[in-house]
Chemist: 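Structure in structure tokens, see below.
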2 protein chains.
Amino acid sequence: MWHMARPRKPLLSRARIVACALALVDDEGLQAVTTRRLAAELGVRGPSLYNHFRTKDDILDAVADAVCADVDLSMFEPYTEGAEAAEGAERAGSTDGPGAADWQDALARWARSYRAALAAHPHIVPYLARGPGRRPSQLRMADAVFGALTAAGWSRAQATHIGATMRYFVAGSALGSFARGFVDDAELYARDYPHLDEAHLLAEYQQRVDDGAFETGLRALLAGLAQPRDD
Amino acid sequence: MWHMARPRKPLLSRARIVACALALVDDEGLQAVTTRRLAAELGVRGPSLYNHFRTKDDILDAVADAVCADVDLSMFEPYTEGAEAAEGAERAGSTDGPGAADWQDALARWARSYRAALAAHPHIVPYLARGPGRRPSQLRMADAVFGALTAAGWSRAQATHIGATMRYFVAGSALGSFARGFVDDAELYARDYPHLDEAHLLAEYQQRVDDGAFETGLRALLAGLAQPRDD
DNA sequence: ACCTGAACACCGTTCAAGT
DNA sequence: ACCTGAACACCGTTCAAGT
């Protein structure tokens, strides 16, 4: 009789579930997200979630999508319309000319924003790896990058390859960084791996390395892409 | 009484468990590996595994390590001894000179072997993301790369950054490729993402893209690294 | 439509009991 | 030392029952 069964106003919504799940992931990690725990956090019972999502994985997919939705894509906006028809665009391979550096700059800004979005929620990154790239925000990213690159003069095949390459690098960098590297066990390793002294094992050092490696790789990637090739 | 409790010869060994778990991962995916299922596959009961591994994650760590152990490191062998003292090594940034291209070639061969090792066991790749880089084979890789790069004349900081960059790219590429990309639902997407037509949604197409993107990125990365910089 | 308790078929892991 | 059955505290998910 006081079985509160259906409230006059829904207690849950997809948005509220996703926000709560993201907070839980950020605070306690992926494995803290169980249907019962998440429901409790929302003041509700486990099965209630299934009125709003088909499975738990669908919830985490939505969380991952929300994180990717934070990636800035505004640097591609100049390209988003009439991209296909930009006949005047000179060969993208050349390093001079007014528009030549634009795509490099846009890619760099996108890559940094992408990485920052993942760094803001490190615990979801391993899950991002599992789920495929068919989530809306990821498709939106792929579409924006592809559009900008073709508008800059790259062929469709080249644009696809470059976009994928950038995605590989950013995702790998996020994983390599946030899925934690070395531990501070110190010289236990030093004996077996002569080049890796204890300096490599400090977490704060690791953080600087990750930042440095990302910038090094990003610069190299963009410089290498701008260089003429023979394929 | 016919409680076969302890056999005269152990039924299990770490090696047998790891091999069986890897086969199970390859055949049916990560989620098929439960302690009960794996034990059954080994002709044994679930709890028996705990005589050989502390947790299930330790088993999967060992599987991941076994996969990484397949990566070829022989291209770094010329550098593994006396690496630190290679005084004669000219500045690695220059593109000419006999030893200059060597490290690029070694990195390329390593990256391809690394990717191939992961491609051979795609279902474990998402797990590799979770576990940190403190596994023996990964440390061995890091050590070999670092040694070769410093021997080629790179500073310790640069060698660290380059090694991490390469790892980011290969790992990201493996994830991006094997954690499945687009699906073949076709023009459902075509409406929302104008640049991604149905050609992008075919799995075989995706496979060619992954291969092409990997080679494009690898070449760009190495070319960009060889280019002089100002830091 | 949306939340509930009860139930199902699982998990990973512990442990005393066997040999 | 190494395998066993039984048990514990969980899972994700289904479903009839409530409003």
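Letters go in sequence order (proteins before strands), and every chain restarts at 1.
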Chemist: Where the side chain of Pro10(B) is defined as all heavy atoms beyond and including C-beta, which of dC2(D), dT13(C), dA7(C) is the nearest nucleotide?
Modeler: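 Comparing dC2(D), dT13(C), dA7(C) against the side chain of Pro10(B), the answer is dC2(D).
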
Chemist: Would you verify whether the NZ or CZ of Arg14(A) falls within 45 degrees of the ring axis of Phe53(A) while also being under 6.0 Å from that six-membered ring's centre?
Modeler: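 Positive - Arg14(A) is close enough to the ring of Phe53(A) and near enough to its axis.
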
Chemist: Tell me: CZ of Arg14(B) to C1' of dC2(D), nearest whole Å?
Modeler: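 Distance, rounded to whole Å: 15 Å.
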
Chemist: Can you see whether Asp57(A) engages Thr55(A) through a side-chain donor-acceptor pair at a distance of less than 3.5 angstrom?
Modeler: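 There is no such pair between these side chains.
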
Chemist: To the nearest Å, give me how far apart NZ (Lys9(A)) and C1' (dT19(D)) are.
Modeler: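 Spelled out: NZ on Lys9(A) to C1' on dT19(D) is 18 Å.
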
Chemist: Looking at every strand, decide which applies to Thr35(A) at a 4.0 Å heavy-atom threshold: base, sugar-phosphate, or nothing.
Modeler: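 Since a base atom lies under 4.0 Å of Thr35(A), the category is base.
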
Chemist: Between Thr216(A) (side chain only) and Ile162(B) (backbone N and O only), is there a donor and an acceptor less than 3.5 Å apart?
Modeler: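 No, the answer is negative, given that no donor and acceptor are paired below the 3.5 Å cut-off.
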
Chemist: For a salt bridge (Lys or Arg N to Asp or Glu O under 4.0 Å) with Arg115(A), tell me which candidate from Asp70(A), Asp211(A), Asp210(A) qualifies.
Modeler: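 For Arg115(A), the salt bridge (Lys or Arg N to Asp or Glu O under 4.0 Å) check succeeds only for Asp211(A).
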
Chemist: What is the distance, rounded to the nearest whole Å, between atom CG of Leu38(B) and atom P of dT13(C)?
Modeler: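 Distance, rounded to whole Å: 12 Å.
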
Chemist: Among all residues two or more places apart in sequence or in another chain, which pass the side-chain contact (heavy atoms from CB on, under 4.5 Å) test with Asp26(A)?
Modeler: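 Applying side-chain contact (heavy atoms from CB on, under 4.5 Å) to Asp26(A) gives Leu22(A), His121(A).
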
Chemist: Just by distance, do the side chain of Ser137(B) and the backbone of Asp65(B) share a donor-acceptor pair under 3.5 Å?
Modeler: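 Yes; at least one donor-acceptor contact below 3.5 Å.
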
Chemist: Contact list please: residues 42-59 of chain A against DNA chain C, heavy atoms, distance less than 4.0 Å, in numerical order.
Modeler: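 Residues of residues 42-59 of chain A that come under 4.0 Å of DNA chain C are, in numerical order, Val44(A), Arg45(A), Pro47(A), Ser48(A), Asn51(A), His52(A).
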
Chemist: Taking all heavy atoms of Leu73(B) and all of Met141(B), pick out the closest pair and write down the distance.
Modeler: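 Between these two residues, the closest heavy atoms are CD2-CG, 3.9 Å.
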
Chemist: Whole-Å distance between dT13(D) P and Gln31(B) CD?
Modeler: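 Going from Gln31(B) (CD) to dT13(D) (P), I get 13 Å.
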
Chemist: What I want to check is whether the side chains of Tyr114(B) and Asp72(B) have a donor and an acceptor closer together than 3.5 Å.
Modeler: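 Note: Tyr114(B) and Asp72(B) side chains miss the donor-acceptor criterion.
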
Chemist: Between which residue ranges does DNA chain C form stems of three or more consecutive Watson-Crick or G-U wobble pairs, both distances under 3.5 Å?
Modeler: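 C:4-8 with D:12-16, C:12-16 with D:4-8 - these are the stems of 3 or more pairs that involve DNA chain C.
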
Chemist: Whole-Å distance between dT13(D) P and Arg36(A) CZ?
Modeler: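 That distance rounds to 11 Å.
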
